Amino acid sequence: YFSPEKDMTRGEALKIVTDYFDVDLANAGETQPFKDVPPENYLFPYLKALFAAGKAGAFGENFQPEKVASKNYLKYLIYEYKKNP
């Protein structure tokens, strides 16, 4: 559940964008490069898919899922998935 009165987090934005573009989470492989998101986190399959698609390089070692999603972050995700889902 997302709260419309709060700023959207990076994790929430990632989930919305990958769901919108119907990204295949099942065949994302096993590698998840972000140290700050454990396998039991609901975002783990989304981050594996982000990495498997070659779209995770811009984030470094930590994804920071609770950080507020900036306009540039959202543009990056949409552009990356729009050009090559």
Side-chain angles (χ1 to χ4, degrees):
Y1 296 96
F2 303 128
S3 302
E5 72 280 356
K6 295 181 181 178
D7 290 331
M8 183 181 293
T9 67
R10 291 166 56 133
E12 292 168 341
L14 175 65
K15 183 178 182 329
I16 290 168
V17 170
T18 52
D19 286 349
Y20 176 81
F21 285 102
D22 198 26
V23 174
D24 184 6
L25 303 179
N27 295 316
E30 294 302 317
T31 305
Q32 197 280 80
F34 302 108
K35 295 180 179 181
D36 61 341
V37 181
E40 57 274 2
N41 188 297
Y42 81 97
L43 290 173
F44 194 77
Y46 294 91
L47 292 168
K48 287 192 322 181
L50 182 73
F51 182 75
K55 301 174 189 325
F59 301 110
E61 291 183 351
N62 293 306
F63 181 72
Q64 301 173 327
E66 297 305 318
K67 186 176 178 180
V68 173
S70 68
K71 183 185 269 186
N72 286 337
Y73 167 79
L74 193 53
K75 283 181 181 180
Y76 172 80
L77 285 180
I78 292 169
Y79 175 76
E80 287 297 312
Y81 281 108
K82 188 175 182 180
K83 75 174 184 178
N84 187 13

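Not measured: the values here are computed from a predicted model. Just the heavy atoms: all of them, side chains too, but no hydrogens, waters or symmetry mates, feed the values below.
Of the inter-residue distances, the one linking Met8 atom CE with Leu74 atom CG reads 7.0 Å to the nearest 0.5 angstrom. Here the straight-line distance linking atom CD of Glu12 with atom CD of Glu66 works out to 7.5 Å at 0.5 Å rounding. Separating the NZ atom in Lys67 from the OH atom in Tyr73 is a distance of 10.5 Å, to the nearest 0.5 Å. Note: Asp24 CG to Thr18 OG1 = 11.5 Å, rounded to the nearest 0.5 Å. Distance check, rounded to the nearest 0.5 Å: CG of Leu25 to NZ of Lys48 gives 9.0 Å. For the atom pair CG of Leu77 and NZ of Lys15, the computed distance is 14.0 Å after rounding to the nearest 0.5 Å.
Linking ILVMFWY side-chain heavy atoms closer than 4.5 Å, directly or via other members, places Val17 and Tyr46 in a single hydrophobic cluster. If you chain together hydrophobic residues whose side chains sit under 4.5 Å apart, Leu50 and Phe21 fall into the same group. Neither Tyr79 nor Tyr81 shares a network with the other; the hydrophobic side chains, linked directly or stepwise wherever heavy atoms of I, L, V, M, F, W or Y lie under 4.5 Å apart, form separate groups for each.
Thr9 places none of its side-chain heavy atoms less than 4.5 Å from the side chain of Pro65.
Remark: aromatic rings of Phe59 and Tyr76 are close, center separation under 6.0 Å.
Of all non-hydrogen atoms in Gln64 and Arg10, the two that sit nearest each other are O-CD, 3.4 Å.
Proximity of a side-chain donor or acceptor of Asn41 to a complementary backbone N or O of Leu43 within less than 3.5 Å is detected.
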